[in-house]
Amino acid sequence: MLRAHVMLAPRAAPGAALLPRGPRPSPRRRRADLVPRGADGGERRGARYGLADLVALSVASTVGSGVFSLAGRVASQEAGPAVVLSLGIGAMGCLLSATAYAELASRVVAAGSVYAYAQATGLGRSAMAVAALCLIVEYSWSCAAVSVDWSGKLLRADFGLPFLQVLDPAVLLVLFCTGLLINGTKASRLFTNVSTVAKVGLILFLIATALMAFDAKNLQPFIPEEYGISGILRGAIDSFFGFLGFDAVCALALDTKDARRVVPNALFLGLFVSGGLTCLAGFALVSAVPASRLDPAAGFVSAFEILGNDFAAAVVTVGELLVLPVVAFGCLLPLGRLLCCLAEDGFLPAPLARRDASDEPLLATLLGGAATAICAGLVPFEDLNDICSAAVLSCFILASVSAVVSRQEGALQEQLRGLLAVFVPCTFFCLLLLSPRWTTDTALAP
């Protein structure tokens with residue numbers, strides 16, 4: 001069984017490398033370390049991702065549901081024209097969490113994102129297990145949730161494809177993404193970059209088209225009395241889900257050139273692009289059509305239909321179906337690498353740690369894709385959304401905890417480790433139990 005542990009290095013030391021145990025440790029796990037701030041990240045042999053690739057992945061994983069689904073729903077049901085504020089607050093919450101990820105990514109170069117950070121800061125195997133569970137839920141169930149949402153849109157479009165009556169489109173999308181991952185990094189990068197450019201172009205098109213129908217009367221009152229500040233905050237909580245996925249770039253640190261510099265930059269650049277596009281799209285939507293007239297399930301499509309712009313409505317309908325798959329792909333991309341790391345550390349069976357000739361975790365990718373396809377075919381979107389949100393919030397808390405521990409030294413650091421190692425698992429289970437799926441009367445009904 002292959003095991004590798006990341007040790008916290010003193011700030012004055014040149015960095016503590018992994019101390020592998022076993023006859024032939026994985027070179028990727030062995031190279032992970034936690035180094036003092038300001039140390040030269042260097043370039044890693046075999047690195048294949050650059051800044052542009054990671055920003056494209058961040059945008060691909062993040063921009064999607066916030067523009068195409070959540071903006072219309074929040075505007076029509078929770079915040080009215082103040083949907084811009086809801087989206088902005090949601091983006092700001094993710095940005096604050098991104099600062100912890102960026103700090104840790106500048107010192108830890110390892111596959112596994114929060115799992116590696118918990119290991120590097122010595123929070124213990126219980127915290128590592130919670131991190132692993134939360135990341136699996138985040139990557140797998142986020143992909144499943146996007147696939148289910150895409151499937152619903154495809155069926156509503158009614159293209160008359162007979163096989164859709166037999167096969168679940170959500171499952172087919174997950175299997176398609178898994179096939180791309182099996183084909184290797186080159187195919188994955190090409191698909192991500194091309195799809196991201198197409199998605200940004202589509203969003204800019206719908207923003208420009210909606211702004212051409214701008215009417216200031218649609219923004220009055222900006223905060224409707226029936227919603228108020230509480231509606232804006234409820235909308236911000238819902239909008240939070242639309243910005244998740246930015247942390248996927250942290251899982252590719254070992255595949256990134258000059259990772260300690262590039263990964264933090266990609267985190268912030270990706271969030272700025274995603275947040276800016278989403279907020280601008282929300283503003284364009286409510287400025288073109290009164291929020292009360294929007295279809296919560298259609299968003300921009302319903303807005304263009306109200307305006308009588310059938311061409312724009314058709315472009316958005318088809319374009320959304322073409323670009324949403326890259327969101328699912330971006331969520332699924334880190335899953336195989338995470339499962340491989342867990343197998344290397346003894347949390348999963350050792351065969352999952354095997355890599356193919358191109359150093360890709362083939363078996364782990366296949367297992368992750370199959371499990372995600374099952375979730376997409378069996379679990380409703382609302383359940384996927386709520387449980388995934390609880391897992392992601394736990395990851396954000398764990399990243400912040402790891403950042404705090406990494407700044408301390410000596411006895412204080414040991415005390416924090418003991419206290420926070422208990423706090424993290426408790427937080428996860430509290431968030432899970434407080435999920436609306438388990439606390440509403442509907443969820444408790446037989």
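Heavy atoms only: backbone and side chains are in, while hydrogens, waters and symmetry mates are out. Counting from 1, the numbers follow the sequence of the chain as shown.
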Shortest non-hydrogen contact between [X] and [Y], atoms and distance:
| X | Y | result |
| --- | --- | --- |
| A131 | L398 | CB-CD2, 3.1 Å |
| V67 | A281 | CG1-CB, 4.0 Å |
| V327 | V63 | CG2-O, 3.4 Å |
| W150 | L324 | CD1-CB, 3.8 Å |
| S406 | R107 | O-NH1, 3.4 Å |
| A373 | L175 | CB-CD2, 4.1 Å |

Could you tell me if R125 sits above the aromatic ring of F347, with its cationic atom closer than 6.0 Å to the ring centre and no more than 45 degrees from the axis?
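Cation-pi check for R125 and F347: passes.
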Main chain of [Y], side chain of [X]: is a donor-acceptor contact present, judged purely on distance under 3.5 Å?
| X | Y | value |
| --- | --- | --- |
| S142 | Y139 | no |
| S151 | S147 | no |
| K153 | T317 | no |
| N193 | R189 | yes |
| S106 | R260 | no |
| N265 | V262 | no |

Can you confirm whether [X] sits close enough to [Y] that some side-chain heavy atom of one is under 4.5 Å from a side-chain heavy atom of the other?
| X | Y | answer |
| --- | --- | --- |
| V323 | S195 | no |
| C134 | V392 | no |
| L57 | L252 | yes |

Please check if any side-chain donor atom of T185 sits under 3.5 Å from a side-chain acceptor atom of E360, or the reverse.
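T185 vs E360: donor-acceptor pair found between side chains.
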Could you tell me if S239 and S86 have a donor-acceptor pair between their side chains, going purely by distance under 3.5 Å?
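Side chains of S86 and S239: no pair found under 3.5 Å.
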Between atom [atom1] of [X] and atom [atom2] of [Y], what is the distance when rounded to the nearest 0.5 Å?
| X | Y | atom1 | atom2 | result |
| --- | --- | --- | --- | --- |
| S140 | L367 | OG | CG | 9.5 Å |
| I136 | T372 | CD1 | OG1 | 10.0 Å |
| L172 | C177 | CG | SG | 11.0 Å |
| L155 | D168 | CG | CG | 8.0 Å |
| S97 | L267 | OG | CG | 11.0 Å |
| L333 | L181 | CG | CG | 5.5 Å |

Under 4.0 Å between a Lys/Arg side-chain N and an Asp/Glu carboxylate O for R407 and E103?
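Judged by the 4.0 Å cut-off on N to carboxylate O distance, R407 and E103 do form a salt bridge.
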